[in-house]
Amino acid sequence: MDKEKAILIKINGELRDLGTPAGPGDRVEEVYPHSPEALEVYRHSASHLLAQAVLELFPGTQYGVGPAVENGFYYDFLTARPLAESDLDAIAKKMAHLARQNLPIRRELWSKEQAREHFRRQGQTLKLELLEEKVAGDEVSVYRQGEFVDLCRGPHLGATGLLQHVKLLSVAAAYWKGDERSHSLQRVYGTVFPDAAALAEHLRFLQEAKERDHRLLGRQLDLFSLQEEAGPGLVYWHPKGARMRHVIEAYWKQRHYEGGYELLYTPHIGREWLWQTSGHLGFYKDSMYAPMAIDEMNYYLKPMNCPFHIMVYKSSQRSYRDLPLRWAELGTVYRYERSGTLHGLLRVRGFTQDDAHIICTPEQIDDEILRVLDFSLDLLRSFGFQEFKIELSVRDPQAAGKYAGSDAMWVQAEASLVKALSVRQLAYQRMEGEAVFYGPKIDIKIKDALGRFWQCTTIQFDFNMSERFGMKYIGADGAAHQPYMVHRALLGSLERFFGVLIEHYRGFFPLWLAPVQAVIAPLNDDCLPYGRRVLEELRRAGVRAELDARAEGVNRKIRDAEKQKVPYILVLGPQEEKAGNLSYRIHGQGDKGKIALSEFLQKIKILVEGKSQHYEIQ
RNA sequence: GCCGAAGUAGCUCAGCUGGUAGAGCAAUUGAUUCGUAAUCAGUAGGUCGGGGGUUCGAAUCCCCCCUUCGGCUCCA
C-alpha cells in the first residue's frame with residue numbers, strides 16, 4: 001500500500017493546518033487521512049464546501065454555523081426559499097465541481113474590524129452576530145477557499161480536492177442558536193470520508209438502520225401499531241407484541257420479587273390535590289393531559305407514579321425497622337409530548353414505566369444504590385445488551401438555590417452514586433448541572449447491535465416529593481425523620497425498550513422472547529391430525545407454537561414462516577408421523593434433519609432458560 | 001409547538017400539464033394435497049387523510065384541520 005500523505009499536523013498535541021510553522025522545541029506529528037482526528041477535520045472542511053456550494057447556487061443566502069458532528073457534518077442556512085431534498089443533487093454536484101477545482105483552503109488572520117466590514121458588505125448578519133458573540137480578542141481567523149470566506153477556528157484540509165467522497169443526506173429545519181423563538185434555518189446534513197470504501201460502508205450502515213427500523217418491523221411482524229384515528233403517540237400491542245410484553249413483564253416481576261421488591265398497583269388518575277401537593281401542577285402542567293371534571297372535582301391522568309407510591313407509604317406510620325421499602329410497578333403514565341417529538345415506540349404519549357421507588361434511611365442509601373445499579377446492569381444484560389454508557393448528572397454548583405432538598409442530602413446522594421460506580425469500577429461521564437432540580441441521578445444507555453446508544457435506566461434521587469408529601473419514619477431515637485427516596489426505572493419504558501429490542505435484534509429475537517417460537521408445517525391435509533397433536537404437546541410444554549393448516553405446499557409455508565422470522569419450522573409428513581418425530585429447520589439455516597419431539601422440547605427448553613442468543617440445538 | 005416534505009385498496013406503490021382511479025402482495029372463492037423459501041384460476045376491496053373553496057368537471061389547483069416522516073427543542 002502506498003504511504004499516505006499527511007493532511008494535517010499536530011503541534012504539541014494540538015491539531016493544526018498542514019504547513020503551520022512550528023516554533024523551536026515544538027513537538028510536531030503528522031496526521032494521516034485515516035486517523036479519527038482527521039475524519040473530524042474532513043467533516044468540518046466538507047461543511048465549508050457545502051456552504052460554498054449553497055452560496056454559489058443560491059445567492060443571497062446567509063450562512064450560520066456548520067460543525068462536524070457524529071457521523072458527518074451539517075451547515076445551517078437562512079435561504080430565500082426553503083431547501084428541499086430535491087435540491088440536494090444540485091448542491092452535491094456543485095460541491096463535486098468545487099472539489100475538482102482543488103481550491104486551496106487558506107487560513108488568514110483578520111482584525112475584528114476587517115471581518116466586521118467583510119460580513120457587513122456581504123449582508124451576512126448571522127456571521128456578524130457570531131463575530132460579536134464568539135470572538136473575544138481583536139484578531140480572528142478565517143478560512144478562504146476561492147471566493148468563499150468563513151469565520152473559523154480551524155484546522156482544515158489543505159484543499160477542496162481532498163473532499164471527494166461526500167454524500168448529502170437530508171435537509172431539515174433548525175433554530176438559529178437552538179432557540180425556538182429565533183429564525184428557523186435550513187440545515188443540510190451530509191457525511192464525508194477519506195475514501196470511497198469508507199463512505200460506502202457508512203451508507204450501508206444507514207441502510208441497515210433503515211431496515212431495522214422498529215416501525216417497519218413492527219408492521220411486518222405484526223407486533224404493534226399506532227393509529228391515526230385513535231390518537232397520536234398511543235400504542236396498540238398486537239397479539240405477537242403482547243406475547244413478548246407478557247414474557248418481559250413476567251421475567252421482570254420474577255426478578256423484582258427475587259430482588260426484595262414488592263409490587264404495587266395504583267390508579268391511572270388522581271385528584272387535583274395529589275398533583276397540587278406533588279408540585280406537578282406547578283412545574284409540569286404543560287406535559288399533563290387536561291383534567292377531567294367529575295363531581296365538581298378535577299382528576300388528572302398520571303404522568304408519573306411517584307405520588308401514588310407515596311400515598312401507599314403514607315397510609316400507615318413507618319418505622320426505621322420497615323425500611324428499606326422497595327416498591328415496583330409497571331405503571332402506565334400519560335404525558336402530553338409535543339406533537340413534533342413523537343417517534344414510533346421510542347417517543348410516545350402513553351407508556352408503561354418499569355418503575356420503582358426505594359424508600360430508605362440515610363444509612364441504607366449506599367447499599368441500595370449499589371443494589372439498584374447491579375440489578376439494572378444484570379437485567380439489561382439478560383436481554384442481550386453488553387455495553388453501556390453511564391452518565392452521572394449532578395447539580396450546577398453555581399445555582400445551589402434552585403434545587404429541592406438540603407445541601408447535606410445532595411452531598412450524600414452524589415457521594416453514594418459515585419461510590420456505587422467506583423465500587424463496580426464503572427466508567428461514567430459526569431454531567432455537571434444536568435441533574436433535575438429534585439435530585440442527582442445516574443442514567444444508563446445501552447449499546448445496540450449497530451453501535452447506537454439508547455437511554456433506558458434512570459436512577460434518581462427525589463428530595464422534592466418526600467419533602468412535599470412530608471414523608472416520615474420513626475427512627476431508633478423515637479423521633480420522626482425524612483426518608484430518602486430513590487426513583488428508578490431500569491428498562492425505562494416498556495414501549496421504548498420494546499422498540500430498542502426490535503432494532504437490536506432486527507426482529508430475530510432470542511428464543512425466550514420470540515413471539516412465535518415454532519411453526520408446524522404439515523405436508524398435506526392428511527398430516528394435519530398429527531400436526532395438531534404436536535401442536536398440543538408443544539403448547540403443553542410451554543412452547544409458543546402455531547400450526548400452518550392452509551391448503552398450501554410446504555414451500556409456501558416455509559417461506560412465510562421464514563419471513564416472519566420464526567426460529568423453528570417443524571415439517572411433518574408421513575415419514576415423521578410414522579416415526580413419531582419431526583423434521584426441523586432453524587431460521588435461515590434450512591433443514592436440520594429429524595429429531596424426537598421429546599428431545600426437541602428438552603433442548604429448546606435449555607435455550608429458553610439460558611436466554612440463549614442463538615437457536616442452535618446442541 | 002416550529003420549519004420542510006408526505007398521506008391513493010389491509011401493505012408497498014403508479015396515476016404527466018384538472019376530464020370522475022390502477023399494479024403487485026395480502027384477503028376471499030374454487031381447484032390442487034404437494035418433502036424444505038411463492039400451485040393455478042376466479043372474485044371482491046378505494047366518497048384518493050378530513051372539511052371547505054375555485055371549476056361545466058378536482059386524487060390533481062387554493063384555504064383550514066388531522067396524521068405521518070426528516071429535523072429543531074424536549075425526553076422514559
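Proteins get letters first, then strands, A, B, ... in listed order; numbering begins at 1 in each.
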Ring of [Y], cation from [X] - is the NZ or CZ under 6.0 Å from the centre and inside 45° of the axis?
X      : Y      : value
A:R43  : A:F73  : no
A:K445 : A:F388 : no
A:K389 : A:F453 : yes

Distance-only side-chain donor-acceptor flag, A:S376 / A:T457, under 3.5 Å: yes

Ring-base stacking, A:F351 with B:A76 (5.5 Å, 30° cut-offs): yes

Grab the [atom1]-[atom2] distance between [X] and [N] for me, whole Å please.
X      : N     : atom1 : atom2 : result
A:H357 : B:A76 : NE2   : P     : 13 Å
A:R347 : B:U73 : CZ    : P     : 12 Å
A:R349 : B:C74 : CZ    : C1'   : 13 Å
A:L528 : B:C34 : CG    : C1'   : 13 Å

Residue-level proximity of residues 452-461 of chain A to RNA chain B when a heavy atom falls under 4.0 Å: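 A:Q455, A:C456 - these, ordered by number, are the residues of the stretch whose heavy atoms sit under 4.0 Å from the strand.
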
Between the base of [N] and the side chain of [X], is one N or O donor paired with an acceptor at under 3.5 angstrom?
X      : N     : value
A:R338 : B:U73 : yes
A:E576 : B:G35 : yes
A:R559 : B:A38 : yes
A:S339 : B:U67 : no
A:R496 : B:C75 : yes
A:D525 : B:U33 : yes
A:Y175 : B:G1  : yes

5'-most by nearest nucleotide on RNA chain B - A:R187 or A:P232: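 Of the two residues, A:P232 wins.
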
Upstream residue (5' side of RNA chain B) when A:L185 and A:E552 are each assigned their closest nucleotide: A:L185

Have a look at [X] and say if it touches a base, only the backbone sugar-phosphate, or nothing, with a 4.0 Å heavy-atom cut-off.
X      : value
A:A489 : nothing
A:G590 : nothing
A:S184 : sugar-phosphate
A:V571 : base
A:D591 : base
A:L342 : sugar-phosphate
A:Q575 : base
A:R215 : sugar-phosphate
A:E337 : base
A:V348 : base

Side-chain N or O of [X] closer than 4.0 Å to phosphate OP1/OP2 of [N]:
X      : N     : result
A:H343 : B:G70 : yes
A:S170 : B:G71 : no
A:N555 : B:U36 : no
A:R550 : B:U32 : no
A:Y189 : B:C72 : yes

Nearest atoms (heavy-atom pairs only) where A:R243 meets A:P515: CD-O, 3.6 Å

Over all atoms of both residues, closest heavy-atom pair of A:A545 and A:L538: CB-CD1, 3.7 Å

Of all pairs that satisfy salt bridge (Lys or Arg N to Asp or Glu O under 4.0 Å), the ones with a partner from residues 561-572 of chain A, not counting sequence neighbours: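 Listed by first then second residue: A:E562-A:R585.
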
Residue matched to B:C2 through Watson-Crick or wobble contacts both under 3.5 angstrom: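 Per the H-bond distance test, B:G71.
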
Watson-Crick or G-U counterpart of B:C40, or none if no pair lies under 3.5 Å: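 Its partner is B:G30 (Watson-Crick or G-U wobble, both distances under 3.5 Å).
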
Test log, rule ring-ring contact (aromatic ring centres under 6.0 Å, His included), inputs A:F498 and A:W237: CA-CA 11 Å; A:F498 188 38; A:W237 295 71; 4.8 Å; yes

Distances under 3.5 Å between nitrogen or oxygen atoms of protein and nucleotides 6-16 of chain B:
none

Using the [atom1] atom on both, measure [N] against [M] and round to a whole Å.
N     : M     : atom1 : answer
B:C13 : B:G51 : C1'   : 27 Å
B:A23 : B:G46 : C1'   : 14 Å
B:A58 : B:G49 : C1'   : 16 Å
B:U12 : B:C3  : P     : 28 Å

N-glycosidic conformation, B:G18 - syn within 90 degrees of 0, else anti: anti

Heavy-atom neighbours of A:H614 NE2 exceed 12 at 6.0 Å: yes

